[in-house]
Amino acid sequence: MLVPKITTLLNHSLTIKQLKQLHGLILIHGLNHFDRSLIHNLITSKSNHSQTINHYLRSILHHSKHPDVDSTTSAMRYLCKHGEFHEAFGLYVRLQRSRLLVSTFAVASALKACGRIGDGNGGIMVHGQVFRYGFCGDVYVETGLVGFYVKVGDMESARKVFDEMSERNVVSWNTMIDGYLRSGDLSMAEGLFFGMGNKDVVSWNSMVSGYLRRGDMEKALRLFEEMPERKQSSWNAMISGYVECEKVDLARKFYDSMPQRNSISCITMIGGYSKCGDVVSARELFSEMGMKDHLLYNAMIACYTKNGRPKEALQLFDEMLKLNVHVDKMTLAAVISACSQLGDLSFGSWIHEIYMKQIRISMDDHLLTALIDLYAKCGSIDKAFDLFHNLHKKDVVAYTAMILGCGINGKEHVAIKLFDEMMESKIRPNLVTFSGLLTALSHVGMVEESYHCFNSMKRYGLVPTPDHYSLMVEILGRAGRLEEAHNLIKSMPMLPHSGVWGALLLACSTHNNVELGEIAAKHCFELEADSSGYGSLLANIYASVGRWEDAKRLRKSIHEKGLVKVPGSSWMDHVHDMT
DNA sequence: AAAAATGGTT
């Protein structure tokens, strides 16, 4: 009597609450065979509380004793669609372990998940199973394999699978073209693009943005005009291509002239303005949009945090909460970053400990990295380390956050150890990594180590920025090696900013070096008004070597002229005369 | 059924 009732009910579209009640009944009566339709109903549910669904889905699958291939597969597809790639791959592994014969669908989803989380070994394992199960002839599976190898950057294997495919479709071709474009191999991409038969909008779009990424405006424009049909996504591809090669104004031209904008067009533009630091224009576009979805909010909040405006980011987050706008992982990643910029541990850990559980957002590596940075900056280095060990995959950004965190928490040797560990894992450091490492080294005064570190940047194809020089000057200066510091500045291929000379000046003041101090102060004033008290530093040097008259004159001059840079002012002349 | 746009480090 109960069974037909449940069957009828499950054929209807139900709310989460109703489904939970029904699930209770199913569990009590041990009617496990209903799990399938329960899951199906859940996945096709119109409800937009995707986080709640994710959570519930996992708990049903976890509790059912005999996982069923079809429902697990649809759950995997659902999880992939909602960005829960670890969960999706986890289900695949579970399926494997239960020795059930997986389907081609499950394999395709598993490959997608592995590609997205960068799980190279996982994907290669699935590739092996593809042979074992004889799925080699399946277009979806093989396209999935091509996609996986493209994502992990292994174009050779991608090509090998592609070449051996018995049957190819548009998606297989497009995936290969996209892969070549991303790996910078334009001619291979062109070869495929012009050689393929049935191009669709995606093929045209990726080729157009591929040209733009390389800065080839003419070819991109020509292709754009040749396109048989221009969809919104094609215009958006132009915008994002211009944004990627830092041509925001041209991107804006296309934005203004496209027949119909959607929220992605606006998000892309906001990203472009964010990149070049034009927060005002970004906000203008944001405000102009009538209907604002959560993605638009995410883009604007990220723009604020990336440009060092955490307060505004949190204000906007507040607005989201008030207007009941959907909050997702991307929102929280940016908000947590805003918290660490402000040093606001209480709000940040509220998000971590309470809010995330409340709205059922599961942890991922990006969120963990943001939290690692938060706890480290707020002095909870042990907590940061705990989270660091929870990462699925430790990448450059995670290592960098942790190295810097150790550096500012008096664990310089751990920072160095982490860097070595990173090298062993063959993870390529970037400019920020070296900033963090040099910051750590500057605290322990290991000059030779610092030189080694600084010089090794070139080996990774990295050009030190003025900030890196600044750190080196600080390290050399602290060790009293002022001449060396000065020579390093003179060797700089770019114009040193005031921070570099400022670091030298500071070192001169602790080591009472008048000669170099004057040179450094002169440069500081040429580059910037005396907002950082450079004049007083120099005056202190004079005083410390007993040149009371010079010190007095300088102090008087600062006092009279204020802290503003005045070209040709008396004390500037004085400094010029002396050097 | 398939691919792709936003998030984390100075």
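All values below come from the heavy atoms of this structure, side chains included, with hydrogens, waters and symmetry mates left out. In what follows, chains are A, B, ... by sequence order, proteins preceding strands, each numbered from 1.
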**Message:** Distance under 4.0 Å to a non-hydrogen atom of chain A counts as contact; along DNA chain B, which nucleotides mark the start and end?
**Reply:** dA1(B) to dT10(B)
**Request:** Describe the nucleic acid contact of D373(A) in one word from base, sugar-phosphate, nothing, applying a heavy-atom distance below 4.0 Å.
**Result:** sugar-phosphate
**Message:** Please list all pairs meeting salt bridge (Lys or Arg N to Asp or Glu O under 4.0 Å) that have one or both residues in residues 303-313 of chain A, counting only residues at least two apart or in different chains.
**Reply:** R309(A)-E312(A)
**Message:** Holding to side chain to side chain donor-acceptor pair (under 3.5 Å), I want the full list of residues that pass it with K411(A), two or more places apart in sequence or in another chain.
**Reply:** none
**Asked** Looking for any heavy atom pair under 4.0 Å, which part of the strands does L404(A) touch: base, sugar-phosphate only, or nothing?
**Response** sugar-phosphate
**Contact check, side chains of I403(A) and C406(A), non-hydrogen atoms, under 4.5 Å** = no
**Prompt:** For DNA chain B, which residues in residues 296-312 of chain A have a heavy atom at a distance below 4.0 Å?
**Reply:** N298(A), A302(A), K306(A)
**Request:** Could I get the full list of side chain to side chain donor-acceptor pair (under 3.5 Å) partners for S157(A), not counting sequence neighbours?
**Result:** D154(A)
**Item:** All side chain to side chain donor-acceptor pair (under 3.5 Å) counterparts of Q232(A), not counting sequence neighbours
**Value:** N262(A)
**Request:** Tell me what S337(A) touches on the nucleic acid: a base, only sugar-phosphate, or nothing, going by heavy atoms under 4.0 Å.
**Result:** sugar-phosphate
**Request:** List the steps, then state whether ring pair (Phe, Tyr, Trp, His ring centres under 6.0 Å) holds for W235(A) with Y255(A).
**Result:** CA-CA 8 Å; W235(A) 289 84; Y255(A) 180 81; over 10 Å; no
**Pair K329(A) + E84(A): basic N to acidic O under 4.0 Å** = yes
**Asked** With a 4.0 Å cut-off on heavy atoms, is N205(A) in touch with a base, just the backbone sugar-phosphate, or nothing at all?
**Response** nothing
**Request:** Give a yes/no verdict on a cation-pi contact between K292(A) and F286(A), requiring under 6.0 Å between NZ or CZ and the six-membered ring centre and an angle within 45° of the axis.
**Result:** yes
